[in-house]
K.L.:
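Take this structure first; my questions come after.
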Amino acid sequence: MRIFGLITGSLIVVLAFNLFLIPHEVLSSGLSGISMILGMVTPLNTGLANFLLNFPLLVIGYKMLGKKFIMNSIFSVLIISVGLYVIPVYEIANDRILSSIFGGALTGLGVGIVFRSSGSTGGFDIIGMIVSRKKDFPIGALLSGMNAVVILISGFMFNWDAALNTLVSIFVTGKVVDAIYTDHAKLTIMIITDKGEEMRSHLLTNLYRGLTIMDGVGGYSNNKRNVLITVISRYELNEIKNLIVEVDPTAFVNITETIEVMGLFHRPSPS
């Protein structure tokens, strides 16, 4: 099911690019947008450019981020890159604004499906995650800043109508991703389980975040339980849900929005 989601989401992104955005010189967000620019102004194919730009980030991410997440991301990037190379660019609609909106919505749908399948489409998302591991810098602000650079490049290289349409496309993509996945940058996970030690070991092995563990007692059963609390980024949500189910499918899990985090957001390095 996860593989199907990665393939489906990636192909939807390809169709959005080659049928709606690229024909009208409208860019997507992140490295995908830079790949589009290279495909438009150089002989380099957009798919090949997308792979070459993402490859070093994915290698770095493999060493620093969750291996399962990065392997899924590599799979998605490969599908998108091959799809952009194989599927021809064809203008479906003549109206540039409608193509920007619909192309952005399709891109958001595809990216959201990939996120729900424990992966990403590469690019600035990987950069944001790597930076947030080193410093608790707001990922949303970082991604917005990098996307602003893409919009400016679009304006200077093409025209400002194209830049404004790119802004529309990126905005719609973000809103659709938020609707399908989650619009919260950080989330607090509270897990109540009878298998506290197994859960602790499994999460610490596969997740970069630290944990706080408390003792609890079931109000009805009066049985002792462990309460595990951690804060994660939006990109880790689907991964941690799968990890929890692997240890205790009956665990009670509460997921809430986190407005702000003070102190260490990541697991401290061993001294």
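The figures here come from the full heavy-atom set of this structure, side chains too, leaving out hydrogens, waters and symmetry mates. What you see is a predicted model; the values in this text were computed from it and never measured.
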K.L.:
Does a side chain donor of either T107 or T173 reach within less than 3.5 Å of an acceptor in the other side chain?
P.N.:
no

K.L.:
Could you state the interatomic distance from CG (L21) to CZ (F102), rounded to the nearest 0.5 Å?
P.N.:
11.0 Å

K.L.:
Find the distance between OG (S169) and CZ (F17) and round it off to the nearest 0.5 Å.
P.N.:
8.0 Å

K.L.:
Using a 3.5 Å distance criterion without hydrogens, assess whether the side chain of N18 forms a donor-acceptor pair with backbone atoms of I87.
P.N.:
yes

K.L.:
Is the F55 ring parallel, tilted or perpendicular to the F51 ring (thresholds 30°, 60°)?
P.N.:
tilted

K.L.:
When you look at I189 and I240, which way does the side chain to side chain contact (heavy atoms under 4.5 Å, CB included) test go after all the steps?
P.N.:
CA-CA 9 Å; I189 309 292; I240 196 171; 4.2 Å; yes

K.L.:
Rounded to the nearest 0.5 Å, how far does CG of L53 lie from CG of L44?
P.N.:
8.5 Å

K.L.:
How far apart are the C-alpha atoms of N226 and T193, what are their side-chain angles, what is the distance that settles it, and do they pass the side chain to side chain donor-acceptor pair (under 3.5 Å) test?
P.N.:
CA-CA 6 Å; N226 289 120; T193 176; over 6 Å; no

K.L.:
Consider side-chain hydrogen bond (donor to acceptor under 3.5 Å, both in side chains). Of S117, S76, S81, which one does S10 pass it with?
P.N.:
S76

K.L.:
Just how far is it from atom CG of L78 to atom CG of N50, taken to the nearest 0.5 Å?
P.N.:
10.0 Å

K.L.:
Same cluster or not: L15 versus L84, using hydrophobic residues (I, L, V, M, F, W, Y) connected whenever any side-chain heavy atoms lie under 4.5 Å apart?
P.N.:
yes

K.L.:
Starting at OG of S154, measure out to CG of L164 and round the result to the nearest 0.5 Å.
P.N.:
9.0 Å

K.L.:
To the nearest 0.5 Å, what is the distance between CE on M157 and CE on M40?
P.N.:
10.0 Å

